[in-house]
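Right, one structure below, let's go through it.
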Amino acid sequence: VRRRLDVAQARLSAAVENAEEAERKAEESRIAQEDQELLADDSTRFNDNKVNERITARVAADTEMEVLDKAEGRLELARFRLEKAEREYVAEKEVHERIKAGLDAVRKQVKAGAARVAQL
């Protein structure tokens with residue numbers, strides 16, 4: 001009986017050691033799994049940050065393009081207004097020159113008339 005008791009106790013001790021070893025390995029495995037999950041979370045967070053940076057850069061570029069498009073539109077409008085003003089200036093200058101030419105002709109006629117009157 002003593003021998004059976006010793007064998008049973010030895011088996012029990014071995015089973016306890018095996019259970020403790022299994023618990024230790026399970027704990028190590030759980031810790032390794034948590035580490036992997038943390039690394040995956042870090043990797044996901046890193047990738048999410050990169051995606052967000054790209055999105056932010058793209059939005060900034062799109063916004064800049066809109067600003068440039070608006071500026072280009074304002075530039076075209078200013079160019080159109082300048083050309084219109086130049087045409088109006090040229091037209092007014094031509095009218096002014098015709099009026100001046102007409103006045104010069106009238107002055108010459110007045111001088112000619114004054115000279116005829118002086119001869120009379």
Side-chain angles (χ1 to χ4, degrees):
V1 174
R2 177 86 179 137
R3 181 166 158 76
R4 278 193 227 167
L5 185 62
D6 287 341
V7 170
Q9 195 168 8
R11 286 182 184 166
L12 179 60
S13 292
V16 167
E17 286 178 22
N18 287 341
E20 288 174 352
E21 180 67 17
E23 270 184 28
R24 187 181 59 74
K25 286 183 179 180
E27 182 65 17
E28 288 174 359
S29 178
R30 185 189 62 77
I31 290 171
Q33 179 66 30
E34 286 178 358
D35 289 346
Q36 289 297 321
E37 288 174 359
L38 288 174
L39 287 174
D41 288 348
D42 288 346
S43 177
T44 300
R45 207 171 4 267
F46 177 78
N47 288 335
D48 288 349
N49 287 342
K50 286 296 180 188
V51 168
N52 287 338
E53 288 173 7
R54 284 189 209 118
I55 290 170
T56 301
R58 183 166 297 196
V59 167
D62 289 347
T63 302
E64 187 65 25
M65 286 303 294
E66 287 178 17
V67 167
L68 290 174
D69 287 345
K70 287 179 183 177
E72 186 177 4
R74 288 191 299 270
L75 179 63
E76 287 297 320
L77 182 60
R79 184 176 291 131
F80 172 77
R81 288 178 178 163
L82 176 62
E83 290 170 356
K84 182 180 175 185
E86 286 174 344
R87 286 190 304 271
E88 289 174 354
Y89 171 78
V90 168
E92 286 180 17
K93 187 175 178 183
E94 288 174 358
V95 168
H96 176 70
E97 288 173 359
R98 279 186 265 147
I99 290 172
K100 185 177 176 185
L103 284 175
D104 287 344
V106 169
R107 283 187 187 125
K108 286 180 185 178
Q109 289 175 358
V110 168
K111 282 184 183 179
R116 279 184 279 195
V117 168
Q119 288 176 353
L120 293 176

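Treat the numbers as computed from the prediction; the structure is a model and nothing was measured. The figures that follow rest on heavy atoms only: side chains count, while hydrogens, waters and symmetry mates do not.
Under the rule for a side chain to side chain contact (heavy atoms under 4.5 Å, CB included), the partners of V59 that lie at least two apart in sequence or sit in another chain are I55, T63. With sequence neighbours excluded, no residue forms a salt bridge (Lys or Arg N to Asp or Glu O under 4.0 Å) with D35. Among residues two or more places apart in sequence or in another chain, the salt bridge (Lys or Arg N to Asp or Glu O under 4.0 Å) test is passed with K50 by E53. Annotation: side chain to side chain contact (heavy atoms under 4.5 Å, CB included) contacts of V16 (sequence neighbours excluded): L12, E20. The salt bridge (Lys or Arg N to Asp or Glu O under 4.0 Å) test applied to E28 returns R24, not counting sequence neighbours. Not counting sequence neighbours, the partners of R107 by the salt bridge (Lys or Arg N to Asp or Glu O under 4.0 Å) test are D104. Annotation: side chain to side chain contact (heavy atoms under 4.5 Å, CB included) contacts of R2 (sequence neighbours excluded): L5, D6. Scanning for side chain to side chain contact (heavy atoms under 4.5 Å, CB included) contacts around E23 gives an empty result, with sequence neighbours left out.
Listed by first and then second residue, the side chain to side chain donor-acceptor pair (under 3.5 Å) pairs involving residues 36-46 are Q33-E37, D42-R45 (not counting sequence neighbours). Sorted by first then second residue, the side chain to side chain donor-acceptor pair (under 3.5 Å) pairs that include residues 108-120, not counting sequence neighbours, number zero.
By the neighbour-count criterion of 12 heavy atoms within 6.0 Å, atom CZ of R11 is sparsely surrounded, having that number or fewer from other residues, nucleotides or ligands.
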Legend entry - side chain to side chain contact (heavy atoms under 4.5 Å, CB included) assessment of V51 paired with R54: CA-CA 5 Å; V51 168; R54 284 189 209 118; 4.2 Å; yes
When the side chains of residues 66-78 are checked against the rest of the protein, which donor-acceptor pairs come out under 3.5 Å, sequence neighbours left out?
| from | atom 1 | to | atom 2 | distance (Å) |
| --- | --- | --- | --- | --- |
| E76 | OE2 | R79 | NH1 | 2.7 |

Please tabulate, for the side chains in residues 85-95, all donor-acceptor contacts under 3.5 angstrom to protein atoms that are two or more places apart in sequence or on a different chain.
none

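Judged by distance alone, the side chain of S13 and the main-chain N or O of Q9 form a donor-acceptor pair under 3.5 Å.
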